[in-house]
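Below, read A as the first sequence line, B as the second, and so on, with proteins coming before strands; counting in each chain starts at 1.
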Amino acid sequence: MATLTVSRPPFSGFSFDNCKRNALLEAEANKVGCGLPAARKTGTTICGLVYKDGVILGADTRATEGMVVADKNCSKIHYISPNIYCCGAGTAADTEMTTQIISSNLELHALSTGRLPRVATANRMLKQMLFRYQGYIGAALVLGGVDCNGPHLYSIYPHGSTDKLPYVTMGSGSLAAMAVFEDRYKPDMEEDEAKQMVRDAIAAGIFNDLGSGSNIDLCVITKGKVDYIRPHDEANKKGVRTGDYKYKRGTTGVLTKMVTPLALEVVEETIQTMDTS
Amino acid sequence: MEKHYTNSQVKGVSTGTTILAATFDGGVVIGSDSRASIGGEYVSSKTINKVIQVHDRIFCCIAGSLADAQAVTKAAKFHLAFHSVQMETPPLVISAASVLKELCYKNKDELQAGFITAGWDRKKGAQVYVVSLGGMLVRQPITIGGSGSTYIYGYVDAKYKPDMSRDECLQFALNALSLAMGRDNVSGGVANLAVITEEGVEHVVVPGDKLPRFHDE
């Protein structure tokens, strides 16, 4: 069966190509006394909900590397197609690359069908890829969008199972966010109420989960329009320093002053233009 | 109080479930709960549908790893649709069960999913088949499966009669599911049932608060 979607040829099972290289690198690193860098996890709160006119996706913006914040303002809501966006939790590289691969495959598919891509198609592609890798790709995703059949929201787990639900949360802060949703969700909400609820759910994750933090990003998807609000809410502003450690001129007394001019003459001057086309 | 070990050697989302199918006079009732859990601690979905239609008069119930079960049933659905087009006749229930069995047996090292297949066909009427984890295929008049089934073996053995009427069988299935959901922590939500006869398929969904209650509730 000929297909137009080629970014990597589908072969069964896990690809072990890099294992030998990784083992060699690890041995080399251990010889000099350091270890390999740990995979950066996004330790995250992401959520999505379906409201009257469409879908709202929300995410925090902290990326952690162990117990240190690696990125204070990373973007966890990824573009899949003009009408479909996807939040990613888990290993940062996995969510980034998986969404990019599916995004480009979906664009080729849309060119082939001549239609706007459907959320169910993106869901199928993602789940089939994640299932093929049997959970070794650590990507937990919240996929949302509006297509010809209306608004849709899916949660996709790293092993390849999916759920189609009206509201979903994922990531280490998912329990805190789900508590907010379970309390206040109603079907067919208005946009402002829905945005406030998503903001509150992410805020619950940010303030109650150590792995989530910084700001709140929102993505409102309706038929024909996408509002990518980054940041929607700067929940954690960096404080302003109240003191100044600069010393004023004259604090240290000057005893003597000696000025020696250096007579330098220009010997050679060359100009090299850079090709900036 | 002994610690109840979570049965989850299943990685990722598990359906940790109660599923059953029973034949009655003229048809078959197949049903399940609707809970999906992670590690026996977090309910990831309260409303998943574990009764999946693989053909017009053939349904199957899934148990085990949700990812594996979804992948296998999607493949089985495709195979059956293709098979029925080739044969120019609706597929037999045993064909559906065999397709699932082949997938489970050939990939037994990688998969962790079990199925109950139930349906009606012209050759043998109402049938129930169970495909277990390793790929064994067995026909039984009534079968129960999933982690919650352990709590209702006694009830099923005592109360099941082979030639019940449709309503009696439906009530029996509802009672069995309620009892299991009441005792098993990874089963719960709503009861999804389907009644399959020669005439057609009827879906019955009973929300948690309308389930039959017993003396201690």
Side-chain angles (χ1 to χ4, degrees), chain A residues 1 10 12-14 45-50 89-90 94 120-121 123-142 153-179 181-183 185 187 205 209, chain B residues 8-17 32-53 62-79 82 103-104 106-115 186 188-190 192 207-208:
Chain A
M1 204 161 35
S12 61
F14 185 55
T45 309
I46 51 175
C47 68
L49 81 78
V50 176
D94 288 345
T121 315
N123 178 51
R124 266 300 169 102
M125 289 177 163
L126 283 162
K127 76 150 45 183
Q128 284 177 348
M129 180 181 168
L130 290 173
F131 183 73
R132 194 165 10 114
Y133 283 92
Q134 287 289 292
Y136 283 97
I137 292 188
L141 309 165
V142 168
L153 184 66
Y154 292 88
S155 67
I156 306 169
Y157 288 86
H159 284 265
S161 62
T162 63
D163 281 315
K164 186 176 193 308
L165 291 165
Y167 55 93
V168 291
T169 64
M170 292 281 234
S172 55
S174 65
L175 265 61
M178 185 52 95
F181 276 166
E182 284 289 357
D183 187 33
Y185 178 80
D209 174 46
Chain B
S8 291
Q9 275 92 34
V10 168
K11 288 203 286 205
V13 181
S14 131
T15 54
T17 193
S32 78
D33 71 308
S34 70
R35 179 175 289 182
S37 54
I38 302 184
E41 288 165 352
Y42 180 66
V43 176
S44 65
S45 177
K46 298 179 281 190
T47 55
I48 70 159
N49 184 20
K50 301 180 200 178
V51 181
I52 300 185
Q53 183 162 26
I62 57 178
S65 156
L66 188 56
D68 292 347
Q70 285 184 346
V72 170
T73 48
K74 288 209 190 341
K77 217 169 165 178
F78 160 74
H79 270 120
F82 197 58
L103 288 164
C104 287
K106 290 270 158 65
N107 299 299
K108 63 159 73 175
D109 292 335
E110 285 88 25
L111 292 173
Q112 266 190 315
F115 304 89
V186 285
V190 310
N192 280 315

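Ranked by non-hydrogen atom pairs under 4.5 Å with chain B, the options A/Ser155, A/Gly160, A/Ala140 are led by A/Gly160. Chain B forms the most heavy-atom pairs under 4.5 Å with one residue out of A/Asp163, A/Thr169, A/Leu165, and that residue is A/Asp163.
Proximity to chain B is limited to the side chain of A/Gln134, based on heavy atoms less than 4.5 angstrom apart. The part of A/Met178 that comes within reach of chain B is its side chain, from C-beta onward, which places non-hydrogen atoms under 4.5 angstrom from that chain. Looking at A/Lys127, only its side chain comes within 4.5 Å of chain B, counting heavy atoms on both sides. Residue B/Asp68 touches chain A through both its backbone and its side chain, counting heavy-atom pairs closer than 4.5 Å.
Taking each heavy atom of A/Leu49 and A/Tyr185 in turn, the nearest pair found is CD1-CE1, 4.2 Å. Heavy-atom minimum distance, B/Val186 versus B/Ser37: CG1-OG, 3.6 Å.
Side-chain atoms of B/Ser34 come within 3.5 Å of backbone N or O of B/Lys46 as a donor-acceptor pair. The backbone N or O of B/Ala36 sits less than 3.5 Å from a side-chain atom of B/Ser44, completing a donor-acceptor pair. In this structure, B/Thr73 contributes its side chain and B/Ala69 its backbone to a donor-acceptor pair below 3.5 Å.
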